[in-house]
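Remarks on the structure that follows.
Chain identifiers are assigned alphabetically (A, B, ...) following the order of the sequence lines, protein sequences preceding nucleic acid strands; residue numbering begins at 1 within each chain. Just so it is clear, the structure is predicted and the values come from calculations on it, not from any experiment. All heavy atoms count here, side chains included; hydrogens, waters and symmetry mates do not.
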Amino acid sequence: MASSLKPLLEDPSLLKTGHNANFDMTVLEAAWGLRVAGLQFDTMIAAHLLGKKAIGLKALALDLLGQEMTHITALIGTGAKQTTMDNVPIPEASAYACADADMTWRLRSLLKDGLEKDGLWKLFAEEELPLVPVLVRMQLNGVAINVPLLRQMSQELHQRLQPKTGYSTDAASLEALKGAHPVIDLILEYRQLSKLKSTYVDALPEMVNPRTGRLHTSYNQAGVVTGRVSSSEPNIQNIPIRTELGRQVRKAFVPGQPGWLLMAADYSQVELRVLAHISRDEGLLAAFARDEDIHAATASLVYGVPLSEVTPDMRRIAKVLNFGVLYGLSPYGISQQTDLNPEQGAQFIETYFAKFPGIRQYIEGAKEQARRLGYVETLLRRRRYMPEINSSNFVARQAAEREAINMPIQGTAAEIIKRAMVRLQERMDAIGLRSMMTIQVHDELIFEVPPEELETMRSLILEVMPGAIQLAVPLKVAVKVGPSWGDLE
DNA sequence: ACGGTCACG
DNA sequence: ACGTACGTGACCGTT
């Protein structure tokens, strides 16, 4: 069967339509070495771009075609006695599979019209679809981990986690121990250690594929409302880094072959640069044009002191304000992140807006657009619908306002790295490099690189990533190299 | 199945 | 007076 399908599926002139083609392409290549070419439409990605909430095939068929489809559980059962598709009699399996193909094809024309009507066709065809085979390739590449190192860490953590306090950490225990000040830190430490142990140190080695000896994540291109890609099983985008123990976990992510190295490329302050572009705020534009430390530059303006006189405390507050802006800042939010009270937070916000008037205008504009059109959009016109923006419930309304402020920024940053990924993989293929793109973490890409390709990859990255999308400020990219993800310079 | 918690950008 | 920063996914204990 595979051999008769192979020439058809691998022929790029025979155009393919799929529903979550990423999954089928990944399975076909992993199981049969079959590399699907000519992907022309994906109904799951299309439905997601159109803002559909339920984007499964069955849900879409019902929603858009009024067709009730047989659910897979009708064939394979549920719970403990669930079986697998290969045990289903051919006539049943055949009818089920044909229904999937039929509905996908019927949805295609409907969704295509929808994309064209909303001005999303270009984004779909030129940005999202070309990313599919890139993500498939990254999933198949996988990442190598140092299993013995994680096993050793697990044993050490097991020792450290032996009940040194003698108390459990559930809510009742905390209540009973309230006031016993010194124990609080121990509880927090316990929680941190057990979190890292269960979620990473113990879980990751269990997920290594025995056939490849590597860890294969899944990237979801149709899950995040802002347009980001997410990662699951394992989530490769939340590997620890912020504590020393976290960095230890990162050191277990290594190249898969002796002599190879990991190369990491990250966009520096990409969301604030996007904000500078969208808002055209003069202060922000100028700071990035001069390539200044953006938080220090912000502190200098907000506190009215020269850059040279900005103290670490001033910079820390400015950093909170800058991040706050990206999230739709509130006096309470500022107070939670600093030792300021909400009144002082409000004062700082006022000063901030006075110094960055373009940012206030952007925020007001985003809320206004959401109210007027019912959606906001990114640079490449991806939409997020905001039904709650006119809610009479002000908590819901304010939440929608913060989402309206954040989405164009986060979403545009996602578009930048997605385009960079497609162009990088194209160039790597054209040159015939052995280097592999393996991990994406929102503003960062990780590559596995043989020593003789280090300089080629470095220049390729520094050419493609900063030039992915032209903004009113430069895009800055930092490249690091090292023997593990936790040990890069 | 769900909320609390906590890991990341 | 309300309940509060944006976007995710995994684990755990409780239901």
No-H, no-angle donor-acceptor pair, A/Arg242 side chain to B/dG9 base, under 3.5 Å
yes
Which atom pairs, one a donor and one an acceptor, fall under 3.5 Å between side chains of residues 361-374 of chain A and the rest of the protein, sequence neighbours left out?
unit_1, atom_1, unit_2, atom_2, d
A/Tyr362, OH, A/Ile405, O, 2.7
A/Glu364, OE2, A/Lys367, NZ, 3.4

Atom CG of A/Asp202 and atom P of C/dA10: how far apart are they, to the nearest Å?
17 Å
According to a strict under-4.0 Å criterion, is [X] in side-chain N/O contact with OP1 or OP2 of [N]?
X	N	value
A/Arg402	C/dC6	yes
A/Ser198	C/dC12	yes
A/Arg250	B/dC8	no
A/Ser232	C/dG9	no

For [X], report the nucleic acid contact type (base, sugar-phosphate, nothing); a contact means any heavy atom under 4.0 Å.
X	answer
A/Arg397	nothing
A/Gln336	nothing
A/Ser194	nothing
A/Leu329	base
A/Glu444	nothing

Please determine, for the side chain of [X], which listed nucleotide ([options]) has the closest atom?
X	options	answer
A/Val224	C/dC6, C/dT8, C/dG9	C/dT8
A/Ala203	C/dG7, C/dT8, C/dC11	C/dC11
A/Ile334	C/dA5, C/dG9, C/dG3	C/dA5
A/Gln410	C/dT8, B/dC8, C/dC6	C/dC6
A/Asn406	B/dC8, C/dA5, C/dC6	C/dC6
A/Tyr327	B/dG9, C/dT4, B/dT5	B/dG9

Under 4.0 Å between a Lys/Arg side-chain N and an Asp/Glu carboxylate O for A/Glu126 and A/Arg419?
no
Going by distance alone, is a donor N or O of one side chain under 3.5 Å from an acceptor N or O of the other, for A/Asn322 and A/Gln269?
no
So if I apply the side chain to side chain donor-acceptor pair (under 3.5 Å) rule between A/Glu156 and each of A/Arg160, A/Gln159, A/His158, A/Gln152, which one comes out positive?
A/Gln152
Could you identify the nucleotide paired to C/dC11, looking across every strand shown and requiring Watson-Crick or G-U wobble geometry with both distances under 3.5 Å?
B/dG4
